[in-house]
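Working notes for the structure below.
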Number of protein chains: 2
Amino acid sequence: MSKIDTITTEEKILAAAEEIFLRDGYSGSRMQDIADLAGMNKALLHYYFRSKDKLFEYIFDKKISLMFPKMEELFDENASFIEILSGFIENYIKLLMANPFLPLFVITTINKPDREDFLEKLPIFLKRRLIEFYQRDLALGKVREHHPAQLIISVFGMCVFPFMAKPILKKMSNMNDEEFQEFMQKRTPEVQGYIKLILEP
Amino acid sequence: MSKIDTITTEEKILAAAEEIFLRDGYSGSRMQDIADLAGMNKALLHYYFRSKDKLFEYIFDKKISLMFPKMEELFDENASFIEILSGFIENYIKLLMANPFLPLFVITTINKPDREDFLEKLPIFLKRRLIEFYQRDLALGKVREHHPAQLIISVFGMCVFPFMAKPILKKMSNMNDEEFQEFMQKRTPEVQGYIKLILEP
DNA sequence: GTCTATACACGGATAGAC
DNA sequence: GTCTATCCGTGTATAGAC
């Protein structure tokens with residue numbers, strides 16, 4: 001077929017590593033599991049990536065940019081703070097539905113003791129930018145007064161937390177995977193509604 | 001001294017295991033680390049608890065009841081739903097400030113593949129009970145209409161998530177541990193305020 | 001580049017002395 | 001009950017043939 005169908009060995013390794021690392025975390029993952037899933041020998045992994053550490057860091061770097069998306073298109077100067085947050089919620093829940101293991105993976109990794117270096121890879125502009133928009137609309141009397149950092153972490157948590165607590169949610173509400181998807185689908189307007197009620201004067 | 005000061009070997013092991021398991025998770029923990037912290041030999045751990053699995057399960061059982069507290073005192077029939085949620089938020093954030101690693105520990109454990117048995121240990125009455133109170137107040141016109149499960153998971157997430165994302169929060173807001181404590185202290189009235197705005201008609 | 005075989009360290013668990 | 005010594009499986013990593 002065309003070039004598109006040509007999957008290189010390196011790509012096979014990365015795809016397999018991604019799946020295993022995301023599901024099991026660093027210390028729960030085995031190079032053997034990755035090799036099995038990629039359909040090749042363990043030695044090849046080391047040929048391409050030298051060590052488990054290096055392979056993991058490669059995957060982490062790829063994923064961290066997903067977890068804290070750029071979202072330039074959302075930061076429209078003409079949009080209100082509430083509109084920006086609403087857009088964020090919609091896009092973010094959509095993103096997480098396609099990458100349900102992402103939150104737990106990032107959170108466990110940056111909580112690893114002795115690996116503060118992972119933290120260095122976090123972008124910091126996102127929060128600052130959101131606060132700027134909040135301050136602007138506060139001055140215009142378009143939003144109620146709140147502690148902006150508290151509000152932002154709340155929005156973030158409301159989007160992210162259900163994916164980390166998925167097994168608990170499924171158990172407590174007797175949901176299967178399909179019903180969980182529906183639950184998350186309905187969540188976007190729900191959380192957007194909370195934000196309006198919290199912020200609108 | 002008195003009996004109070006007499007710490008048995010078993011208690012020393014449990015205290016050390018708790019600290020290590022909570023910080024590093026199951027697969028990230030080493031029996032050697034626990035023995036070192038407890039100031040004794042590895043073999044003794046096996047003498048008292050047979051295996052790493054058994055010791056871990058012992059700790060998990062102790063912790064899971066903390067994560068989903070009984071809270072009978074909160075379920076006062078005379079209290080409104082908003083009051084009950086407010087009481088929950090206050091008590092829960094206080095609890096988590098004293099046990100900051102608890103959320104991540106429980107979440108990672110119940111997400112472990114092939115260990116669905118951990119899920120069986122979750123209590124399920126909590127959510128059901130809260131929904132009953134919500135339905136009652138909805139019929140009385142005392143709360144706005146929302147999807148109750150979505151609301152409850154949101155409250156839960158707003159309390160729990162900041163502790164899991166603590167390293168990220170500290171980094172993004174340039175906080176030290178003391179400032180993080182202050183941040184969480186201020187969080188109780190903040191989240192209570194959100195709930196009032198969301199629920200009050 | 002890809003494989004098999006193997007080195008080597010680590011971690012959980014047990015045996016046995018005291 | 002507590003220790004030292006040790007076994008044995010497992011996991012990362014490398015050597016070397018093809």
Side-chain angles (χ1 to χ4, degrees), chain A residues 1 3-62 105 108-109 112-115 117-118, chain B residues 1 3-62 105 108-109 112-115 117-118:
Chain A
M1 307 291 189
K3 266 189 198 167
I4 304 294
D5 300 86
T6 314
I7 301 165
T8 66
T9 301
E10 186 169 336
E11 286 163 347
K12 275 190 232 165
I13 295 175
L14 286 175
E18 197 173 304
E19 188 171 333
I20 299 292
F21 280 142
L22 280 185
R23 197 191 58 198
D24 299 339
Y26 178 81
S27 54
S29 298
R30 306 282 160 250
M31 293 296 266
Q32 187 63 59
D33 297 339
I34 297 173
D36 290 348
L37 186 61
M40 66 184 63
N41 198 278
K42 228 174 21 161
L44 259 190
L45 307 189
H46 287 96
Y47 177 79
Y48 277 88
F49 291 93
R50 281 193 61 86
S51 72
K52 182 184 178 184
D53 262 62
K54 290 245 195 329
L55 179 54
F56 182 83
E57 204 159 342
Y58 201 98
I59 300 293
F60 182 76
D61 289 349
K62 264 180 67 180
F105 173 72
T108 52
T109 302
K112 263 176 96 63
D114 312 322
R115 291 303 305 263
D117 51 323
F118 283 128
Chain B
M1 308 291 183
K3 265 190 199 167
I4 303 295
D5 303 85
T6 314
I7 301 165
T8 66
T9 301
E10 186 169 338
E11 286 162 348
K12 275 191 231 165
I13 295 175
L14 286 173
E18 198 174 303
E19 187 171 333
I20 299 291
F21 280 142
L22 281 188
R23 197 191 58 197
D24 299 341
Y26 178 81
S27 53
S29 296
R30 308 281 159 250
M31 293 295 268
Q32 187 62 60
D33 297 339
I34 297 173
D36 290 348
L37 186 60
M40 65 185 63
N41 198 278
K42 222 171 33 155
L44 257 190
L45 307 188
H46 288 96
Y47 176 81
Y48 277 89
F49 292 94
R50 282 193 62 83
S51 70
K52 182 184 178 184
D53 263 61
K54 290 245 194 328
L55 179 55
F56 182 82
E57 204 159 342
Y58 201 99
I59 300 294
F60 183 76
D61 289 350
K62 263 179 67 180
F105 173 72
T108 52
T109 302
K112 263 176 95 63
D114 312 323
R115 290 304 303 264
D117 53 322
F118 283 128

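The chains referred to below are lettered A, B, ... by the order of the sequence lines, with proteins before strands, and numbering in each begins at 1.
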Report the distance from atom [atom1] of [X] to atom [atom2] of [N], rounded to the nearest whole Å.
X     : N      : atom1 : atom2 : result
A:I34 : D:dT10 : CD1   : P     : 18 Å
B:F56 : C:dG11 : CZ    : C1'   : 17 Å
B:Y48 : C:dA13 : OH    : P     : 18 Å
B:E10 : D:dT2  : CD    : C1'   : 15 Å
B:F49 : C:dT14 : CZ    : C1'   : 18 Å
B:I13 : D:dC3  : CD1   : P     : 10 Å
B:D33 : C:dG11 : CG    : P     : 8 Å
A:K12 : C:dG1  : NZ    : P     : 13 Å

Mind checking if B:T8 touches a base, just sugar-phosphate, or nothing, with heavy atoms under 4.0 Å?
nothing
Applying a 4.0 Å non-hydrogen cut-off, can you work out what B:S29 is touching in the nucleic acid: base, sugar-phosphate, or nothing?
sugar-phosphate
Could you run through nucleotides 13-18 of chain D and give me one letter per nucleotide, 5' to 3': B if any protein heavy atom sits under 4.0 Å from the base, S if only the sugar-phosphate is that close, - if neither?
BB----
Sub-4.5 Å side-chain heavy-atom contact between B:E57 and B:R115:
yes
Could you check whether any side-chain N or O of A:K52 sits under 3.5 Å from a backbone N or O of A:S29, counting only pairs where one atom can act as donor and the other as acceptor?
yes
Look at the side chain of B:E11 and the backbone N and O of B:T8, then say whether any donor-acceptor pair between them is shorter than 3.5 Å.
yes
For the atom pair CZ (A:F60) and CD (A:E18), what is the distance rounded to the nearest 0.5 Å?
13.0 Å
CD (A:E19) and CG (A:L14) are apart, to the nearest 0.5 Å, by 13.0 Å
Centroid-to-centroid, A:F105 to A:F56, below 6.0 Å?
yes
